[in-house]
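Okay, structure first, notes after.
Chain letters run A, B, ... following the sequence lines, proteins first and then strands; every chain starts at 1.
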Protein chains: 2
Amino acid sequence: MLVVDDQELQRYGFRMLLESLPETEAVGEAAHGAAAVRMAAELRPDVVLMDIRMPGMDGIEATRRIVASGGRSRVLVLTTFDLDEYAHSALRAGASGFLLKDARPAELLAGIRAVAQGDAVIAPALTRRLLQEFTDQLRPRRTTDSAEDPRLSQLTDREREILIAVGKGWTNGEIAARFVLSESTVKTHVGRVLAKIGARDRIQAVIFAYDLGLV
Amino acid sequence: MLVVDDQELQRYGFRMLLESLPETEAVGEAAHGAAAVRMAAELRPDVVLMDIRMPGMDGIEATRRIVASGGRSRVLVLTTFDLDEYAHSALRAGASGFLLKDARPAELLAGIRAVAQGDAVIAPALTRRLLQEFTDQLRPRRTTDSAEDPRLSQLTDREREILIAVGKGWTNGEIAARFVLSESTVKTHVGRVLAKIGARDRIQAVIFAYDLGLV
DNA sequence: CCGAGGGTGGTACCGCGGTACCACCCTCGG
DNA sequence: CCGAGGGTGGTACCGCGGTACCACCCTCGG
């Protein structure tokens, strides 16, 4: 276990909390990122409690280096700020968790245990946003983009469906089969889609659909 | 608060746990998805505790409908299985949380509180995988993919150039003009590219190029 | 020196894609 | 009630895309 924070009082608080746990062995301390990276390499702690805002190398960069070093250490970022930017950066840097310092001790301890076991934890307030983004990426974008690109908003619902099908690489015949239409109808729809979005052929429609994230 | 589970004993357990909370008011119960959807519409509970495996309409579908109905109800999925499939489906269906039934009561309660407040919770064991996928999606694809996809490495330099040109939506004639080739030659190259990457037509080649980040 | 493989070019042929029309039905708002 | 617009379906026609061949040249390694 390694506690990284530039404020001594804060380190002291964590230390007290951690030493109350039966399973926690030694606790190392570091006051800034560079020291954290060095001590993580020496002590090889299971878990590193990492503050973000620190003079010199910040917690994000320190996390990146510790994770990149390939050791078994897992980093749990603890910060007073619930800013999205920080959380994102921390998670991209390879942190196994992101909690707020104002979490109750029980939550904090549960989080530490989870990270020690190889799981991950994220503060509930952040989980919602993360989930939001995640599902946004999974599900096809909706009305938001339609407003962004005037060409898309010209399309009727049916035409939009057809465009997405074209974007998936389906032939007119396949689209006809899946939508239970005649191929003529599909051709008509595709033709109108091409005209409206200003595409020369369905290939440019595919590119258009990809660029707008429809597929 | 609405508890949805096909096992009466399980519902009883949750009920006992929930009624011990000061902030919890009434608790409704449903034994299958259809009843859950109906009761959610009537009772308008803050939180719905949803089991996945149930006879008839399962928890995923019930979640989808409750969320789609636009009410204020938030769904916390509770299941004995930590299978990725379930979790993904549940989250895509719009669930605000996904916890395992074997979580300790304190975690469960914390999860319910978080969801009631509009936050989201995910079981630590799942968070790790979700994070993994999330960060995988965030980072841009680069040269690594060339090595990753064996189909790309089969292409000669010329064929790769052609593939990229196809991905830009150029016709054979345009490619011929820009590369100062005959259209026949372009056709030959395109044909070989399609064969090597296993594409039916140039449209699927375009999609292939996009998916690999070539364009 | 020779063979393999990549790059180029050609011919012949078919089919799907795309355009240009037209027509009919349904729904909905003026 | 009627007209507009969306959805559907059809015919006719052309051209590009794709396949199946074949051929020739160049480079490079055995």
Does this structure show an ion pair linking K187(B) with E183(B), if we count only N-O contacts that are shorter than 4.0 Å? no
Do other residues, nucleotides or ligands put more than 12 heavy atoms under 6.0 Å from the CZ atom of R104(B)? no
With the side chain defined as heavy atoms from C-beta on, T188(B) is closest, among dG10(C), dG7(C), dG17(C), to dG10(C)
Rounded to the nearest 0.5 Å, the CD atom of Q10(B) sits from the CG atom of L78(B) at a distance of 8.5 Å
From CZ of R200(B) across to P of dG15(C) the rounded distance in Å is 16 Å
Separation of dG6(C) atom P from L181(B) atom CG, nearest Å, is 17 Å
Closest to the side chain of R202(B), out of dG18(D), dG7(C), dG10(C), is dG18(D)
So CZ of R15(B) and CE of M1(B): to nearest 0.5 Å the spacing works out to 12.0 Å
*What do the steps show when you test D46(A) against R74(A) for salt bridge (charged side-chain N to carboxylate O under 4.0 Å, His left out), and what is the final call?*
CA-CA 6 Å; D46(A) 285 345; R74(A) 296 176 162 279; over 6 Å; no
Rounded to whole Å, CD1 of I203(A) lies from P of dG17(C) at a distance of 11 Å
Separation between CE (M57(A)) and CZ (R64(A)), nearest 0.5 Å, reads 10.5 Å
Output yes when R202(A) and D201(B) qualify as a salt bridge under the 4.0 Å nitrogen-oxygen rule, no when they do not. no
Taking dG7(C), dG7(D), dT8(C) as options, the one with an atom nearest any side-chain atom of R192(A) is dG7(D)
Rounded to whole Å, the CZ-P distance (R160(A) to dG7(D)) equals 10 Å
Which of V48(A), V37(A), I52(A), D51(A) passes side-chain contact (heavy atoms from CB on, under 4.5 Å) with V4(A)? Answer is V48(A)
From the candidates dG10(C), dG7(C), dG7(D), the one with an atom nearest any side-chain atom of D157(A) is dG7(D)
Whole-Å distance, F179(B) CZ to dG9(C) P, equals 13 Å
Among the nucleotides dT8(C), dG10(D), dG7(D), whichever has the atom closest to the side chain of T185(B) is dT8(C)
Quiz prompt | Contact under 4.0 Å: N172(B) side-chain N or O vs dG17(D) OP1/OP2 | solution = yes
Flag the pair L152(B) / I197(B) as yes when at least one side-chain heavy-atom distance between them is below 4.5 Å, and no otherwise. no
Winner on side-chain proximity to L194(A), out of dT19(C), dG18(D), dT8(C), is dT19(C)
Distances for protein N/O vs nucleotides 26-30 of chain D N/O pairs under 3.5 angstrom?
none

Per atom distances to the T171(B) side chain, the nearest of dG18(C), dG17(D), dG9(D) is dG17(D)
With five pairs defining each end axis, the helix from dC1(C)-dG30(D) to dG30(C)-dC1(D) comes out bent, to 10°, by 40°
Rounded to whole Å, NZ of K187(A) lies from P of dC16(D) at a distance of 16 Å
Closest to the side chain of R158(B), out of dT8(C), dG9(D), dG9(C), is dT8(C)
When D201(B) and E159(B) are each assigned the nearest nucleotide of DNA chain C, the 5'-most assignment goes to E159(B)
If the cut-off is 4.0 Å, is H189(A) near the phosphate of dG7(D), judged by side-chain N/O to OP1 or OP2?
no
Per atom distances to the S184(B) side chain, the nearest of dG17(D), dT11(C), dG18(C) is dT11(C)
- Does any non-hydrogen side-chain atom of V166(B) lie less than 4.5 Å from one of V193(B)? no
Rounded to whole Å, the CD-C1' distance (Q154(A) to dG6(D)) equals 15 Å
Ranking E183(B) and A195(A) by the position along DNA chain C of their nearest nucleotide, the one closer to 5' is E183(B)
Considering only heavy side-chain atoms of T156(B), the closest of dG17(C), dG7(C), dG10(C) is dG7(C)
Query raised in the report: Does any N or O in the side chain of E174(B) come within less than 3.5 Å of the main-chain N or O of T171(B), such that one atom is a donor and the other an acceptor?
Result: yes
Rounded to whole Å, CD1 of I175(A) lies from C1' of dT8(D) at a distance of 15 Å
